[in-house]
Amino acid sequence: MSAGLNLAQLQAVHYTDGACLVLAGAGSGKTRVITMKIAHMIEKGMDPKRIAAITFTNKAASEMRERAGHLIGKRAKDVLICTFHALGVRMVREDGHVLGLKPQFSILDADDVTGILKDASGGTTDMATARQWQWVISKWKNMGLTSEQALAQAADDNERIIATLMARYEERLAAYQSVDFDDLIGMPLRLLRDFPEVRAKWQAALGHVLVDEYQDTNATQYELLKLLVGERGHFTAVGDDDQSIYGWRGATLDNLKKLPVDYPHLKVIKLEQNYRSTSAILRAANNVIGPNPKLFPKTLFSELGEGEPVRVVDADNEEHEAERAVARIQSLRAASNPPPDWKSFAILYRANHQAKPFEKALRKANIPYKVSGGTSFFDRAEIKDLCAWFRLWINNDDDPAFLRAITTPKRGIGHTTLAALGAFATQHKQSMFGALFNGMLPAAIPKRAMDGLHEFGRYINYLEYSARRVHGAEEARTFLNDWLKEIGYEQHLYDNEDSEKVAAARWSNVMEFCDWMAQRAGGQIDDTAGAVVAKETKSLLEVSQTIALLSTISEREQEQDMVVLSTLHASKGLEWPHVVLVGVTEGMLPFKLDDDEGRQQKVTDDVLQRLQEERRLMYVGITRAQRTLAVSWTKKRKKGREMVSAQPSRFIAEMGLDKTTAREDPREKLKALRAEFAAKKALADSTPPR
Ligand code: ATP
Ligand code: MG
């Protein structure tokens, strides 16, 4: 099990008797340590079920499971490898009953939450305000405050209003048997803290807990970790303070500072060799992060050779920048034989909205790509609305789907009725839909509300009955059209969006989705690959059933051979042979540190800390690259609706590229020129004549 590990890594892998912190820079093999340590502990006889490894994203979890699978085979599947939130789901499912929650509780996403908050305020507020409330409430929940505590410490009237809303919001969540994302950390914490038998059970169940990306945990996650591992403190945390990029979401480096205090016997291991990047890339990274204050001093070296110099590319505007990025990808491909896979390229940027011009340029060049970390089609509110209906007619017990469908569009059934129904359902251990037809329900709910509920129940039964019989594309399209008309969905969009343009865009997504459903019912699209032509027609019910599968498939997309477009935040922990870092323009990265008039803000602590976090983001971006890195900026950038002239990001100068001593090899230059020519020719050949 020692193959492919250096001494320090081996030390970290073999130390299983206590608390261990691996603190090291990017690409030094921290994640590898975690995977190898899982394998090592199992080889040494630990029951895989007693090991938990916590990753930052679901995708990282599935990758780690796969790697562990390569090392130890089938036994890997018994290891609990998941995110803090997924661990939370498991804990609440097993033990949430002590908090009054049934095991089929629902998990609300951010859109559901804003919806409930809007409703709780009387429905008069706009989305932006509701989102702001959500943000504040989430912050309080992450600090472990109840609504009463939040009210007691509220600083002004606005906070008092939000605290009052929070109380109503929490009441509703309880009545609906639902939890939000913050509860998935907060509730397990309460379970472990307030219920000694639950705590004893989990501490006995887990022999060792490993945490990746430890620098991005927040205070509640740390408390949870402490309670999970108990006094014995058998855990391994790995992290890099220079890559802490979630401060804006409550992550705190205090968690790193606290470890040696809370665990005096903590074994701290540093890794110094970077196995990912060439020296040229690593030097740029080290230069950038240099000015940031250090929690722990670190040095990082690479033995992969000097490599290609880091390129700085300037562009007139975003479109031009996108063309240049595409040209670079093409010339890098043309330069080697066989050309590198598409999936060895990544284009990274600061914010989701920056993806657009790159998507356009890649499409134009016929290059397969995928946008990771952005909103997928299935994450859109309108698509989720429709899916809630589908889910409900497939599985009547799906309470969150029930709640979403019965309130979207509104049909005069208010939250008091739903809360009464929710309480009744819990009491009778039924789903909400099941409770609709319980003979005792009319005693709990007024007649008028009862009629509305029954009408909805009958309608769902009718839809389920018909969807089973609707076959083929045409029938499916008609059925879907009629249904959308019956529930008044288009009107609902226009009533609920502040802007007509947004409502129209959402409606066009709905149409696109229905076309796609109809095509699948007609057998034109195969369910799994999305492209293979299948012959058989399907019932609409069958087609609906596979949608839930599709949203889970998306998490394993990394296998596909495509160029990746990703935000810097979503690129954490990943690596690609070739990276283009775009939008490295002052005002975009670092993101808007000026105020609106363009004056430099007073350098307050807050501004300084934000700048430092932006710098860490740049460091994360640079260190994703294995072999080549280009950094590009635009001479003009959008500011609101205007285009303003722009400067290269200060981080470009900080990379200290001009100070590099690497000589340019004329043979390399010639090779690059040839490649560029070949790429241009290929592009010209592939452009159809006008
Ligand atoms: P990040 O800070 O970006 O999360 P990391 O410290 O987790 O990086 P890994 O992703 O574990 O680093 O490793 C970086 C790369 O180096 C991976 O491709 C990994 O397989 C490789 N690697 C790690 N350790 C070794 C080693 N001892 N020998 C060879 N390759 C290694
Ligand atoms: Mg890692």
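Read the numbers this way: they start at 1 and go in the same order the structure lists the ligands and their atoms.
- Taking only nitrogen or oxygen atoms, main chain and side chain alike, Ser28 reaches within less than 3.5 Å of ligand 1.
- Listed by number with element, the atoms of ligand 1 under 4.0 Å from a non-hydrogen atom of Gly29 are 5 (P), 6 (O), 9 (P), 11 (O), 12 (O), 13 (O), 23 (C), 24 (N).
- The protein heavy atom nearest to atom 26 (C) of ligand 1 is Gly4 O, 3.3 Å.
- No side-chain heavy atom of Phe651 sits less than 4.5 Å from a side-chain heavy atom of Val631.
- More than 12 heavy-atom neighbours from other residues, nucleotides or ligands sit within 6.0 angstrom of CZ on Arg50.
- Here NZ of Lys572 is found 11.5 Å from OG1 of Thr623. Values are rounded to the nearest 0.5 Å.
- Contact atoms of ligand 1 toward Gly573: 4 (O) (distance under 4.0 Å to a heavy atom of the residue).
- Scanning all protein heavy atoms for the shortest distance to atom 18 (O) of ligand 1 gives Glu575 OE2, 2.5 Å.
- Nearest non-hydrogen protein atom to atom 10 (O) of ligand 1 is Arg276 NH2, 3.1 Å.
- Atom 21 (C) of ligand 1 has as its closest protein heavy atom Tyr275 CB, 3.8 Å.
- When the heavy-atom distances from atom 19 (C) of ligand 1 to Arg32, Gln215, Glu303 are ranked, the shortest goes to Arg32.
- The number of protein N, O or S atoms lying under 2.8 Å from the Mg ion (ligand 2) is 1.
- Ring-centre distance between Phe56 and Tyr246: below the 6.0 Å cut-off.
- Rounding to the nearest 0.5 Å places NE2 of His14 at 12.0 Å from SG of Cys20.
- Atoms of ligand 1 lying under 4.0 Å from any heavy atom of Leu5, numbered from 1 in the order shown and given with element: 27 (N).
- Taking every heavy atom of Arg624 and a limit of under 4.0 angstrom, the matching atoms of ligand 1 come to 3 (O).
- Using a 4.0 Å heavy-atom cutoff, Asp240 is absent from the residues neighbouring ligand 1.
- Proximity annotation for atom 1 (P) of ligand 1: of Ala60, Gly25, Gly27, Gly27 comes nearest, heavy atoms only.
- Using 4.0 Å as the threshold, Thr623 has no heavy atom nearer than that to any atom of ligand 1.
- Within the 4.5 Å cutoff, the side chain of Tyr619 has heavy atoms near those of the Asp240 side chain.
- Under a cut-off of 6.0 angstrom, the local environment of CZ in Arg627 is sparse, with at most 12 non-hydrogen atoms contributed by other residues, nucleotides or ligands.
- Taking the six-membered ring for Trp and thresholds of 30 and 60 degrees, His85 and Phe181 have ring planes more than 60 degrees apart, a perpendicular arrangement.
- Looking at residues two or more places apart in sequence or on another chain, you find a side chain to side chain contact (heavy atoms under 4.5 Å, CB included) between Gln134 and Ala110, Val113, Thr114, Leu117, Arg131.
- For atom 24 (N) of ligand 1, the nearest protein heavy atom (residue, atom name, distance) is Gln9 NE2, 3.1 Å.
- No hydrogens or angles considered: a donor-acceptor pair under 3.5 Å links the side chains of Thr299 and Glu272.
- For ligand 1, the atoms lying closer than 4.0 Å to a non-hydrogen atom of Asn6 are 27 (N).
- Inspection of the Glu614 and Gln612 side chains reveals no N or O donor paired with an N or O acceptor under 3.5 Å.
- Between Phe345 atom CZ and Leu565 atom CG the span is 13.0 Å, to the nearest 0.5 Å.
- Among the candidates Thr236, Asp17, Thr16, the single residue satisfying the side-chain hydrogen bond (donor to acceptor under 3.5 Å, both in side chains) test with His208 is Thr236.
- Lys30 N, 3.5 Å is the protein heavy atom nearest to atom 5 (P) of ligand 1.
- For the residue pair Tyr222/Asp254, the side-chain donor-acceptor check at 3.5 Å is not satisfied.
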